[in-house]
Protein chains: 2
Amino acid sequence: MVAGPLPAPSGPGKDRLRLWIRLLRASRTIEAELRERLKKEFDTTLPRFDVMAALYRVPEGMLMSDLSRFLLVSNGNVTGIVDRLVSEGLVARARRNGDRRTSMVRLTDEGTKSFATIAAAHEGWIGELLGKVSEEDARRLTGMLTSFRSNWEGRE
Amino acid sequence: MVAGPLPAPSGPGKDRLRLWIRLLRASRTIEAELRERLKKEFDTTLPRFDVMAALYRVPEGMLMSDLSRFLLVSNGNVTGIVDRLVSEGLVARARRNGDRRTSMVRLTDEGTKSFATIAAAHEGWIGELLGKVSEEDARRLTGMLTSFRSNWEGRE
DNA sequence: ATATAAAACTTTAAGCTTGAAATATCTTGA
DNA sequence: TCAAGATATTTCAAGCTTAAAGTTTTATAT
């Protein structure tokens, strides 16, 4: 995945391969830095942060399946992370009257407060880590990645 | 991390935050697809592929520490993955005369042959998954990400 | 009604990942 | 020389991740 630049391959398709490698290395580098800071400064993890960020947008809560779909991870994965967040009092599960298979998952008041603090720091970190990318480049890149993604989603 | 587009936040720094979210979602989407195909078609995993890709570039082999640095993962992580590749006969460890703490890790002949096959398929998949990105955009994006990364690396 | 399928979620086994501690080896300086 | 520190790697515990199998509940088609 993170194949090296050494032989500098060329030919058809190589530009896209190179793009993918850069994309992956960039996101892994940033992810690693964020993970470390979340651990050191807030004693939490990236997956917990992801779940809380998803829930923060929707005060009334989300279904487990919506959560896993949104986060692009498996169902079982979310179960474990939510379990831990519940045991820490940051997230609550609420059985629903209508469909007893499902449960609404939402941030507790403590979870909401906690996330707001962490998210503010997180936004600052991103600004710092991507500081060298101009605002204009950021918007251009975002646009390219968005159109890529919507194209891609069409195929599944 | 994968915070949602719903409230459509704005303000200083929001463009970079949005860029980061797009970047992460794009790489996770592609990664998930690659993982699935590697499993289904070659019964292997992304981490194994990553290690083999790194070693493929360097026939004489790499030290464990170089490998983990190159792949942006921890030392202990690489140990486990290499252990499994060794037990599958795809990778070999060779103790060195000079420094007996270290060992050179390299692909076996079988590993080299196996990787070449998988890498060809992999390149095709990337071409397919990124097919909607024009070659020109691919080069532009790559350039932006490269300069980002070299800027970033300067700070550590 | 009631079997059958579908859906939502959890559990499980295997593997990946990290950070920290442990081990072994090498290097350096008194 | 040899103790102290540095380096390379492995081990360990905890948590993350997936795919597949299992459980409970709901929907559908006789």
Side-chain angles (χ1 to χ4, degrees), chain A residues 1-2 27-29 31-52 61-88 90-91 93-105, chain B residues 1-2 24 27-29 31-52 61-88 91 93-105:
Chain A
M1 215 74 300
V2 190
S27 65
R28 284 190 183 175
T29 302
E31 257 186 306
E33 184 67 23
L34 292 177
R35 187 179 2 258
E36 193 179 328
R37 295 188 185 197
L38 284 173
K39 175 75 173 178
K40 279 216 185 345
E41 314 229 350
F42 297 103
D43 190 33
T44 190
T45 67
L46 208 44
R48 280 171 169 89
F49 181 86
D50 285 349
V51 166
M52 294 179 78
M62 294 176 81
L63 299 181
M64 292 296 284
S65 44
D66 292 335
L67 205 41
S68 72
R69 204 174 0 261
F70 180 74
L71 295 175
L72 307 173
V73 299
S74 67
N75 273 348
N77 186 359
V78 175
T79 296
I81 297 168
V82 167
D83 281 351
R84 281 171 220 111
L85 288 172
V86 167
S87 78
E88 293 168 14
L90 300 170
V91 158
R93 278 188 175 96
R95 285 237 164 278
R96 292 201 304 170
N97 290 352
D99 187 335
R100 284 183 313 195
R101 291 169 302 184
T102 66
S103 57
M104 276 305 235
V105 179
Chain B
M1 219 76 299
V2 190
L24 188 57
S27 65
R28 283 190 182 174
T29 303
E31 257 186 304
E33 184 67 23
L34 293 177
R35 186 181 2 257
E36 192 179 330
R37 294 188 186 196
L38 284 172
K39 175 74 173 179
K40 279 216 184 347
E41 313 228 351
F42 298 104
D43 191 32
T44 188
T45 67
L46 209 43
R48 281 172 168 88
F49 180 86
D50 286 348
V51 166
M52 294 180 77
M62 295 176 80
L63 299 181
M64 291 295 284
S65 42
D66 292 336
L67 204 42
S68 72
R69 205 174 358 260
F70 180 75
L71 294 175
L72 307 175
V73 298
S74 68
N75 275 346
N77 186 0
V78 175
T79 297
I81 298 167
V82 166
D83 282 351
R84 281 171 219 113
L85 288 171
V86 167
S87 78
E88 291 167 16
V91 158
R93 277 187 176 95
R95 284 239 163 276
R96 292 201 303 171
N97 290 353
D99 187 337
R100 286 182 312 193
R101 292 169 302 181
T102 65
S103 57
M104 276 306 234
V105 180

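Within every chain, numbering begins at 1; the chains are lettered A, B, ... in the order of the sequence lines, protein sequences first and strands thereafter.
- Between B/Met62 atom CE and D/dA8 atom P the separation is 13 Å, expressed in whole Å.
- Within 4.0 Å of A/Asp99, counting heavy atoms only, lie sugar-phosphate atoms of the nucleic acid but no base atom.
- Residue-level contact check: A/Thr102 touches the backbone only, with heavy atoms under 4.0 Å from sugar-phosphate atoms and none from bases.
- The side chain of B/Asn75 contributes no N or O atom lying less than 4.0 Å from OP1 or OP2 of D/dT9.
- Toward the 5′ end of DNA chain D lies the nearest nucleotide of B/Leu63, the other residue of the pair A/Thr45 and B/Leu63 mapping further downstream.
- Across the protein-nucleic acid pair, B/Ile81 atom CD1 and C/dG15 atom P stand 12 Å apart, rounded to whole Å.
- Side-chain N/O atoms of B/Arg100 and base N/O atoms of C/dT25 include no donor-acceptor pair closer than 3.5 Å.
- Looking at B/Arg101, its side chain has no donor and acceptor atom pair within 3.5 Å of the base of C/dA24.
- Residue whose closest nucleotide on DNA chain C sits further toward the 5' end, between A/Arg69 and A/Lys39: A/Arg69.
- Put simply, CZ on B/Arg95 is 14 Å from P on D/dA8, counting in whole angstrom units.
- Comparing A/Val73 and B/Gly80 against DNA chain D, the residue whose closest nucleotide sits nearer the 5' end is B/Gly80.
- In this structure, A/Ser65 reaches the sugar-phosphate backbone alone: every heavy-atom distance under 4.0 Å involves primed, P, OP1 or OP2 atoms, never a base.
- Summarising the geometry, the separation between CE on A/Met104 and P on C/dA8 is reported as 13 Å, rounded to the nearest angstrom.
- Within the model, atoms CD1 of A/Ile81 and CG of A/Asp50 stand 7.5 Å from one another, a figure rounded to the nearest 0.5 Å.
- Among the atoms of the strands shown, only primed sugar atoms or phosphate atoms (P, OP1, OP2) are found under 4.0 Å from some heavy atom of B/Arg93.
- When heavy atoms are screened at a 4.0 angstrom cut-off, A/Arg48 is found touching the sugar-phosphate backbone but no base atom.
- In this structure, the CG atom of A/Leu72 is 13 Å from the C1' atom of D/dT17, given to the nearest Å.
- Checking the phosphate oxygens (OP1, OP2) of C/dT17, no side-chain nitrogen or oxygen of B/Ser74 falls inside 4.0 Å.
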Subject >> Step-by-step side-chain contact (heavy atoms from CB on, under 4.5 Å) determination, B/Arg48 to B/Val51 >> reply: CA-CA 5 Å; B/Arg48 281 172 168 88; B/Val51 166; 5.9 Å; no
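- Applying the side chain to side chain contact (heavy atoms under 4.5 Å, CB included) test between A/Glu88 and each of A/Val86, A/Leu90, A/Val91 identifies A/Leu90 as the sole match.
- Contact annotation: the side chain of B/Thr44 never approaches that of B/Lys39 to less than 4.5 Å [non-hydrogen atoms, C-beta and beyond].
- C/dT18 atom C1' lies 14 Å from atom CG of A/Asp43, rounded to whole Å.
- At a threshold of 4.0 Å, the pair B/Glu33-B/Arg37 counts as salt-bridged, since one of the basic side-chain nitrogens sits closer than that to a carboxylate oxygen.
- One atom, CG of A/Leu38, and another, P of C/dG19, lie 12 Å apart when rounded to the nearest Å.
- Remark: C1' of C/dT10 and CG of A/Asp83 are 9 Å apart, rounded to the nearest angstrom.
- Between D/dT10, C/dC26, D/dT18, one nucleotide has an atom nearer to the side chain of B/Met64 than all others, and that is D/dT10.
- Residues B/Arg93 and B/Asp83 are paired through a salt bridge, judged by an N-O separation under 4.0 Å between the basic side chain and the carboxylate.
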